[in-house]
Amino acid sequence: MKKIINTIMVLAASAIIMFSGCNKDDLLINNVDIAPVPLKMELSKNVIISGDSLILQFSVEGNGDMTANKDIPITLSVSDENGQDASEYFLGFTKTITFPLGEKVFTKTYQLSKLQMPKQEVTVSAISEATTISNNSVALTISNNTLSKMLSFKIGDEEVAVEDGTTTVHLLVPTGTDLTNLEPVVVVSADATYEPQGPQDFTSPVIYTVTAQDGVTSLEYTVTVEVEKSTDASLESLILGGYVGIIDNDNSTVIVNVPVGTNTADLTPTVIPAFGASFQISGNTCVVTAEDGIHTSNYMISFVEKAFVPKMVLVEGGTFTMGAGGDDATFEATISRDLYVNIIEISWGQYSEVLGADRGAVCGWRFKPIGPDVAMQSVTFFDAVDFCNELSKMHGLDPYYEISEQVEKADGNLSDAKVTIINPEGNGYRIPTEAEWEFIARGGNKSEGYTYPGSDVITEVGWVQENAIKTYNNWGSPFPGGLLKANELGVYDMCGNVREWCWDWFGDYPGLPTTDPTGPASGENKTTRGGQFWSKTTGETAVWMRGNPYAPETSRYDIGIRVVRNK
């Protein structure tokens, strides 16, 4: 009996605790079935295009202060004109949503996909078993974008906006633009596409078709690209009979140094005017007409006689694989500057004219010179750069090198000096870098891929053991320049005859693509190239082969000079 009484007391206490955790309103809500508030459905807009959002808004009807008194489940559906489900066009569509307790307004957003679809009328329906929904069936039009306009057209930095109603586009691009392979940036209407894609040849008009997202609506645009005509009437290069003119574009003058006694009327001109320009030479006047046919410049040509002037050809810069064909490592070398190169090696007589007879008297290690036209020998690297500077001064050009701390031999030639480049862009005479030398030997941009400079037969282009010995004596000898076949550029004797000093310290190739390589910053030996009259048929005479490195103070019977100049 006592046990039963205790149990009744525990139950009573529990009841008291339960009542203490609840309030009166809770008890009424949980025990009274209150009808949910009525709702109304509205759409933000009745026409939407792919990519737009379908926004459904549900709001409590009636008293403006009324809110939902419980969660209200709503079932949605989207059907087409045939009553078929069309909800697939709406991303993330869920059929069941809930209007939350305590809310006055509730929105639900679905984005219309960008799938290609026909324009169609659909109906959005909403039902709820818990309450009434007014305006519960709303008509909606959905479709793809039908805009098919080109908005802008751009090539490089040049851009044109396309006006409404215009289907012709005209773009002006800078002088010198190559029209054969241009890739434009085309901006079209949202979700539209265009053809053709990628680079195009604009030497004639190109038809672009812009198709709207619906895949049906389209417009054709005719695009014409025109190269702006240059107004530049200047000269880039003028060579008369191999003698390079010194051009002053500011004052429209050209000075041409020629050897004493030259008949200037017989000199064949090689002229490069500014891009697109034309020229006409009459007497000592060169008239340059710009590409636009309007702007002109009249250049006065003056001839100045000098004791010695090298004949040169223009070599345009380019890119090649240095060392290709040999056993050494190779790399991609780019010669960025156009340059002039002496078509033959400097002769004994020419060396003497520039540096004096005493310095030119020593020519050859074993033999006296056969004549003044024979390629100069026995010059040190220091003699070579000194010759370049003195020749520059003789011709009114800026010396390319700064030469100090000279140590002279008894004959006046140099056995030592400190040599630095004053200005890499300078116009003075200089010796080539090793990369420039190989580029020239290969024929520059005109290369036909020969083993030797200008031929696959060494004796056609170079004096070597096979054809040089016993010509003057049993040991062979250097020859006057230009007696054999020239290479593709018109340059002679780049293999055999005498080796030629290059600027570079001898060292490993860089291994990576390099623009205007100049070799290591320092070293013990300078590079030579081209072989000499005692070379065997195979070996250092091939265009890719590196010659023996020699200390810059070396004076050998088989090392000479070839000069170049920046354009």
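Contact between A384 and I431 at its shortest, heavy atoms only, is CB-CG2, 4.2 Å. Across L182 and L179, no two heavy atoms sit closer than the pair CD1-CD2, 3.8 Å. Nearest approach of S152 to E159, heavy atoms of both residues: OG-OE2, 3.5 Å.
Summarising the geometry, atom CD belonging to Q280 is positioned 12.0 Å from atom OG1 belonging to T296; distances are rounded to the nearest 0.5 Å. To the nearest 0.5 angstrom, I247 atom CD1 is 7.0 Å from Y299 atom OH. Put simply, OG on S392 and CZ on R565 are 8.0 Å apart, with the number rounded to the nearest 0.5 Å. Here the CD1-CG distance, from I246 to L238, works out to 11.5 Å after rounding to the nearest 0.5 Å. A distance of 13.0 Å separates CG of L489 from CZ of R442, quoted to the nearest 0.5 Å. Separating the CG atom in D493 from the CZ atom in F479 is a distance of 10.0 Å, to the nearest 0.5 Å.
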Practice task
Mind running side-chain hydrogen bond (donor to acceptor under 3.5 Å, both in side chains) on N342 and Y492 for me, showing each step along the way?
Solution key: CA-CA 9 Å; N342 192 13; Y492 298 86; over 6 Å; no
Practice task
Would you check, one step at a time, whether the test side-chain hydrogen bond (donor to acceptor under 3.5 Å, both in side chains) holds for D201 with T203?
Solution key: CA-CA 6 Å; D201 183 350; T203 53; 2.7 Å; yes
Problem - Full working for side-chain hydrogen bond (donor to acceptor under 3.5 Å, both in side chains) between S237 and Y340 - result: CA-CA 10 Å; S237 173; Y340 299 107; 2.8 Å; yes
Handout entry: Verdict with reasoning, V223 to Q200, per side-chain contact (heavy atoms from CB on, under 4.5 Å)
Key = CA-CA 11 Å; V223 178; Q200 303 296 320; over 6 Å; no
Problem - Verdict with supporting geometry, K229 and D292, salt bridge (Lys or Arg N to Asp or Glu O under 4.0 Å) - result: CA-CA 5 Å; K229 290 186 177 180; D292 65 358; over 6 Å; no
Exercise for the section: In sequence, state the C-alpha distance, the side-chain angles, and the governing distance for F533 and W463, and then conclude on ring pair (Phe, Tyr, Trp, His ring centres under 6.0 Å). Expected result: CA-CA 5 Å; F533 59 86; W463 295 111; over 10 Å; no
Exercise for the section: Might you work through the salt bridge (Lys or Arg N to Asp or Glu O under 4.0 Å) test for R359 and D386, ending with a clear yes or no? Expected result: CA-CA 12 Å; R359 292 184 66 172; D386 191 30; 2.8 Å; yes
Handout entry: K567 vs E316, salt bridge (Lys or Arg N to Asp or Glu O under 4.0 Å): CA-CA, chis, key distance, verdict
Key = CA-CA 9 Å; K567 189 182 84 170; E316 295 180 337; over 6 Å; no
Problem - Residue pair E425, R337: steps toward the salt bridge (Lys or Arg N to Asp or Glu O under 4.0 Å) verdict - result: CA-CA 9 Å; E425 306 296 330; R337 292 185 290 262; 3.2 Å; yes
Practice task
Could you walk me through whether I155 and F202 pass the side-chain contact (heavy atoms from CB on, under 4.5 Å) test, one step at a time?
Solution key: CA-CA 11 Å; I155 293 178; F202 287 97; 4.2 Å; yes
Practice task
For side-chain contact (heavy atoms from CB on, under 4.5 Å), just list the numbers for R562 and M494, CA-CA rounded to whole Å, side-chain angles, deciding distance to a tenth of an Å, and then say yes or no.
Solution key: CA-CA 9 Å; R562 186 185 300 272; M494 292 206 73; 3.5 Å; yes
Exercise for the section: Might you work through the side-chain hydrogen bond (donor to acceptor under 3.5 Å, both in side chains) test for N497 and E345, ending with a clear yes or no? Expected result: CA-CA 9 Å; N497 216 26; E345 294 158 325; 3.0 Å; yes
Handout entry: CA sep, side-chain torsions, deciding dist, call: W501, Y550, side-chain contact (heavy atoms from CB on, under 4.5 Å)
Key = CA-CA 9 Å; W501 284 113; Y550 292 103; 3.9 Å; yes
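Side chains of D416 and L414 form no contact here, defined as non-hydrogen atoms less than 4.5 Å apart. Residues V461 and N487 have side chains not in contact (no heavy-atom distance under 4.5 Å, counting atoms from C-beta outward). Between V169 and T224, the closest side-chain pair of non-hydrogen atoms is not below 4.5 Å. When side chains are defined from C-beta on, V271 counts as touching L235, because their heavy atoms get closer than 4.5 Å. Under the 4.5 Å side-chain criterion, counting only non-hydrogen atoms from C-beta, I346 is not in contact with V354. Within the 4.5 Å cutoff, side-chain heavy atoms of N445 are placed close to those of F439. M322 places none of its side-chain heavy atoms less than 4.5 Å from the side chain of T330. Within the 4.5 Å cutoff, the side chain of V543 has no heavy atoms near those of the T451 side chain.
Looking only at distances, no side-chain donor or acceptor of D178 sits under 3.5 Å from a matching main-chain atom of N181. Counting only distance, with no hydrogens or angles, the side chain of S415 and the backbone of V407 share a donor-acceptor pair below 3.5 Å. Side chain of D373 to main chain of G481: no donor-acceptor pair is present (N/O by atom type, distance under 3.5 Å, no hydrogens or angles). Judged by distance alone, with hydrogens and angles left aside, the side-chain atoms of S347 form a donor-acceptor pair with the main-chain N or O of P372 at under 3.5 Å. A donor-acceptor pair under 3.5 Å is absent between the side-chain atoms of R529 and the main chain of A435, judged by distance alone. Side chain of D504 to main chain of G519: a donor-acceptor pair is present (N/O by atom type, distance under 3.5 Å, no hydrogens or angles). With hydrogens and angles ignored, the 3.5 Å screen pairs a side-chain donor or acceptor of T380 with a backbone N or O of F382. Between the side chain of Q465 and the main chain of W534, a donor-acceptor pair closer than 3.5 Å is present. Remark: side-chain polar atoms of T433 are paired, donor with acceptor, to backbone N or O of E436 under 3.5 angstrom. Without hydrogens or angle criteria, S455 side chain to V457 main chain gives a donor-acceptor distance under 3.5 Å.
Of the charged side-chain nitrogens involved, none lies within less than 4.0 Å of a carboxylate oxygen, so that K306 and E353 do not count as a salt-bridged pair. For the pair K418 and E402, the salt-bridge criterion is not met [side-chain N within less than 4.0 Å of a carboxylate O].
Listed by chain and number, the residues in a salt bridge (Lys or Arg N to Asp or Glu O under 4.0 Å) with D398 amount to none (sequence neighbours excluded). Contacts of K154 classified as salt bridge (Lys or Arg N to Asp or Glu O under 4.0 Å), with partners at least two apart in sequence or in another chain: none.
Every pair passing ring pair (Phe, Tyr, Trp, His ring centres under 6.0 Å) that includes a residue from residues 388-427 is listed here, sequence neighbours excluded: H395-Y429, Y401-W503.
Side chains of S336 and D516: a donor-acceptor N/O pair is present below 3.5 angstrom, by distance only. Counting only N and O atoms by type, the side chains of S230 and T175 include no donor and acceptor under 3.5 Å apart. In the model, N566 has a side-chain atom that pairs as donor or acceptor with a side-chain atom of R430 under 3.5 Å. Counting only N and O atoms by type, the side chains of T253 and N251 include no donor and acceptor under 3.5 Å apart. A donor-acceptor contact closer than 3.5 angstrom is absent between the side chains of Y208 and T222. Using a 3.5 Å distance cut-off with no hydrogens or angles, the side chains of E500 and W437 do pair a donor with an acceptor.
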